[in-house]
Amino acid sequence: MSDLAIDVRGLRKTFGSKVAVDGVDIAIPKGEVWGFLGPNGSGKTTTIRMLCGLLRPDAGEGTCLGFDFRTQSEQIKRETGYMTQRFSFWEDLSIRENLEFVARVYQLPKRRARVAATLERLGLVKRQRQLAGSLSGGWKQRLALAACMLHEPQLLLLDEPTAGVDPQARRDFWEEIHALSARGITVLVSTHYMDEAERCDRIVYILNSRVIARGTVAEVIARSGLTTFVMEGEGVRHLLEELRNAPGVDLAAFFGAALHVSGTNRSALERALAPYRGRPGLNVHEAPVSLEDVFIHLQREVHS
Ligand SMILES: Nc1ncnc2c1ncn2[C@@H]1O[C@H](COP(=O)(O)OP(=O)(O)OP(=O)(O)O)[C@@H](O)[C@H]1O
Ligand SMILES: [Mg+2]
């Protein structure tokens with residue numbers, strides 16, 4: 001048996017003349033949590049749908065959980081939990097009733113015990129009688145995760161599971177994901193949140209249907225070649241426009257009251273900042289490059 005839960009190469013999908021996914025390779029070791037990032041429309045959902053056998057690829061080969069992802073989708077589905085980007089429930093059924101219904105639809109054996117165990121695992125016991133329609137966003141996500149965990153899958157494909165959920169609920173959700181990973185379950189999770197990317201073992205960044213960066217967050221940041229300086233203090237609000245257009249500056253943006261200025265050519269960036277150093281009341285210092293800066297830079301590079 002391979003140590004890879006997902007091992008696919010050359011994934012491609014077109015819709016009419018639109019290329020949605022183009023030559024995507026993904027290899028995820030069992031038990032790891034990988035983040036899938038990229039702008040809207042870059043091909044994340046389409047890739048995930050191909051991985052779990054819901055969409056036929058135009059090209060590509062490989063395996064999910066050891067099964068050929070093109071021909072053995074039934075076996076893959078049996079061991080994969082897929083949380084769709086826009087899931088829905090029966091709003092006038094309770095949490096427990098929703099789970100029982102899903103268990104019945106999938107003809108799972110030992111339904112009552114399974115539902116009880118899943119309610120317990122995901123901390124839903126106290127709320128089991130609450131109607132799904134009356135749940136807050138965070139609890140809805142939890143119910144959705146419970147529903148895709150009922151059949152005890154080995155692989156979880158989560159498509160923006162925390163979109164629109166408050167920070168505490170996102171944190172709780174991620175604690176659950178890490179607990180699942182500790183039990184050996186492999187997770188591929190798409191997200192637009194940088195803090196969530198940082199919780200992943202590795203990330204894959206897709207842009208215009210192609211993977212253009214991958215690795216640990218530290219590796220992706222290091223490979224970008226960016227340097228960031230932060231400017232704070234008197235008059236900094238007036239500097240954005242002039243610095244944005246200065247040679248050597250690739251990115252400039254405010255984070256609170258601090259102006260972050262980044263570039264790939266360190267000496268050109270330092271030259272651009274030299275006139276501001278030593279200005280009374282203005283502080284200029286180097287700071288760690290953020291993942292968000294890297295993604296925005298990659299996006300601009302491809303579009304320019
Ligand atoms: N069924 C479909 N028919 C036609 N075009 C589609 C279909 N599904 C996706 N697309 C197109 O394929 C491209 C990739 O879409 P996809 O939904 O995979 O992106 P995404 O990365 O998941 O975006 P988001 O972050 O907004 O969820 C988009 O241009 C989208 O409009
Ligand atoms: Mg999507």
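Numbering of ligands and ligand atoms starts at 1, following listing order. Only a predicted model underlies this, so the values are computations on that prediction, with no experimental measurement involved.
In this structure, a donor-acceptor pair under 3.5 Å is present between the side chains of Thr45 and Asp159. A side-chain N or O of Tyr276 and one of Glu242 form a donor-acceptor pair less than 3.5 Å apart.
Looking at Arg78 and Glu74, no side-chain N of the basic residue comes within less than 4.0 Å of a carboxylate O on the acidic one, giving no salt bridge. Using a 4.0 Å cut-off between charged nitrogen and carboxylate oxygen, Asp58 and Arg12 do not count as a salt-bridge pair.
Nearest to atom 17 (O) of ligand 1 among the protein's heavy atoms is Thr45 CB, 3.7 Å. From the protein, the heavy atom lying nearest to atom 27 (O) of ligand 1 is Gln85 NE2, 2.9 Å. The nearest heavy-atom contact from the protein to atom 12 (O) of ligand 1 is Ala20 CB, 3.3 Å. When hydrogens are left out, the protein atom nearest atom 14 (C) of ligand 1 is Gly41 O, 3.4 Å; that is the closest non-hydrogen contact. In this structure, atom 29 (O) of ligand 1 lies nearest to the protein heavy atom Lys18 CE, 3.0 Å. Considering only non-hydrogen protein atoms, atom 26 (O) of ligand 1 sits nearest to Asn40 ND2, 2.9 Å. Closest to atom 18 (O) of ligand 1, if we only count protein heavy atoms, is Thr46 OG1, 2.6 Å. The nearest protein atom to atom 11 (C) of ligand 1, hydrogens excluded, is given as Phe15 CD1, 4.1 Å; this is a heavy-atom distance.
At least one N/O-N/O distance between Ser42 and ligand 1 falls below 3.5 Å.
Within the 4.0 Å heavy-atom cutoff, Lys13 does not count among the residues contacting ligand 1. Ligand 1 is approached by His192 to a heavy-atom distance shorter than 4.0 Å.
With contacts defined as side-chain heavy-atom distances shorter than 4.5 Å, the pair Val24/Val8 does not qualify.
Distances from atom 4 (C) of ligand 1 to the protein include at least one heavy-atom value under 4.0 Å.
Coordination check, Asn40 versus the Mg ion (ligand 2): failed, since every N/O/S atom of the residue sits at 2.8 Å or beyond.
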